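Have a look at the structure below before the remarks.
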Amino acid sequence: ALAMGAPAAMAVVARWIGLALGRGRMLIWFDGIGVIAPVGRTGPNMRRYLHPGRHHAMTGLACGPLPIDIDPLAVSQADHAFTFELANPADRRRVAESIGWEPKDFDAAVHDLGKYEFLHWSSETGELLHMPPLPDEKHGQPGPRGPRTPGRGPGRAAPPVPGPTR
């Protein structure tokens, strides 16, 4: 078994990404994006994916705990970004700057999150929506569905958080 982050493991991941680049429509799941695309040390195939990946008809799902440790293109090239609680101000600043939001406004939106709530940003609209927790199907209790704001109840659309003017 290869330890993730070890040079041999990273060489295997780099080959997989390189193979996917030439295959047409493809979805790649990057679990541990900070290991696969570390800031300042992103490999050539991952950089090819991050720069013109959309021209290769590729979609990526990337998750990781520390935005400050990942290549900024992993967020700034995203069509959608989902952000859960971020305790580190540097992480909040990285996400805010990558999606074109004022860091103080993004900070306020993150601080308004309740347990398991998250923010959804779309590059198409530039809106940042405050989303409820996902359903807890593990325990047989569905959670509220749809965006909301306090006092509106589940399933009602939340107004977008004010963002940058375009």
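Keep in mind the model is a prediction, meaning the values are calculated, not measured.
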message: Could you check whether any side-chain N or O of R92 sits under 3.5 Å from a backbone N or O of H111, counting only pairs where one atom can act as donor and the other as acceptor?
response: no

task: Any chance you could measure L128, atom CG, to I99, atom CD1, to the nearest 0.5 Å?
output: 5.5 Å

- prompt: Any side-chain heavy atom of L61 sitting closer than 4.5 Å to one from I28?
  reply: no

query: Below 4.5 Å, heavy atoms only, C-beta onward: do F84 and L113 meet side chain to side chain?
result: no

message: Checking the side chain of Q77 only, and the main-chain atoms of H51 only, is there a donor and an acceptor separated by less than 3.5 Å?
response: yes

query: About how many Å separate CE of M10 and CE of M46, when rounded to the nearest 0.5 Å?
result: 9.0 Å

- request: Find out whether P103 and E97 are in side-chain contact, i.e. whether some heavy atom of one side chain is under 4.5 Å from a heavy atom of the other.
  value: yes

field: Distance, nearest 0.5 Å, that separates CD1 of I17 from CD1 of I36
entry: 6.5 Å

- prompt: Should L21 and M58 count as side-chain neighbours, where that means a heavy-atom distance under 4.5 Å?
  reply: yes

field: Separation of R48 CZ from L50 CG (nearest 0.5 Å)
entry: 12.0 Å

field: Test item: N45 side-chain N/O and A14 main-chain N/O as donor-acceptor pair under 3.5 Å
entry: yes

- request: Report yes if some heavy atom in the side chain of L66 is under 4.5 Å from a heavy atom in the side chain of N88; otherwise report no.
  value: no

query: Taking side chain as C-beta onward, heavy atoms only, is H80 less than 4.5 Å from S123?
result: no

message: side chain to side chain contact (heavy atoms under 4.5 Å, CB included) for T83 and W121? Distances and angles first, verdict last.
response: CA-CA 8 Å; T83 304; W121 171 82; over 6 Å; no

query: Hey, what's the ring geometry for F30 with Y49, parallel, tilted or perpendicular (30° and 60° as the breaks)?
result: tilted

task: Provide the closest heavy-atom pair for P65 versus L86 in the form atom of the first, atom of the second, distance.
output: O-CD2, 4.2 Å

query: Do the ring planes of F118 and F82 sit parallel (below 30°), tilted (30 to 60°) or perpendicular (above 60°)?
result: tilted

field: Under 3.5 Å: donor-acceptor pair, side chain of D91, backbone of I68
entry: yes

field: In one Ile/Leu/Val/Met/Phe/Trp/Tyr side-chain cluster, 4.5 Å: V35, V39
entry: no

query: Checking side chain to side chain contact (heavy atoms under 4.5 Å, CB included) for the pair D112/H130: CA distance, chi angles, key distance, verdict?
result: CA-CA 9 Å; D112 284 346; H130 185 141; 4.3 Å; yes

task: Could you tell me whether R93 and D107 have a side-chain N and a carboxylate O separated by less than 4.0 Å?
output: no

task: Taking the side chain as every heavy atom from C-beta outward, state whether L129 and L119 have any pair of such atoms under 4.5 Å apart.
output: no

message: When you compare the side chain of R47 with that of L73, does any pair of heavy atoms fall below 4.5 Å?
response: yes

- request: Might you work through the side chain to side chain contact (heavy atoms under 4.5 Å, CB included) test for F106 and V95, ending with a clear yes or no?
  value: CA-CA 8 Å; F106 190 78; V95 174; 3.4 Å; yes

message: Rounded at 0.5 Å granularity, tell me how far SG in C63 sits from CD1 in I33.
response: 8.5 Å

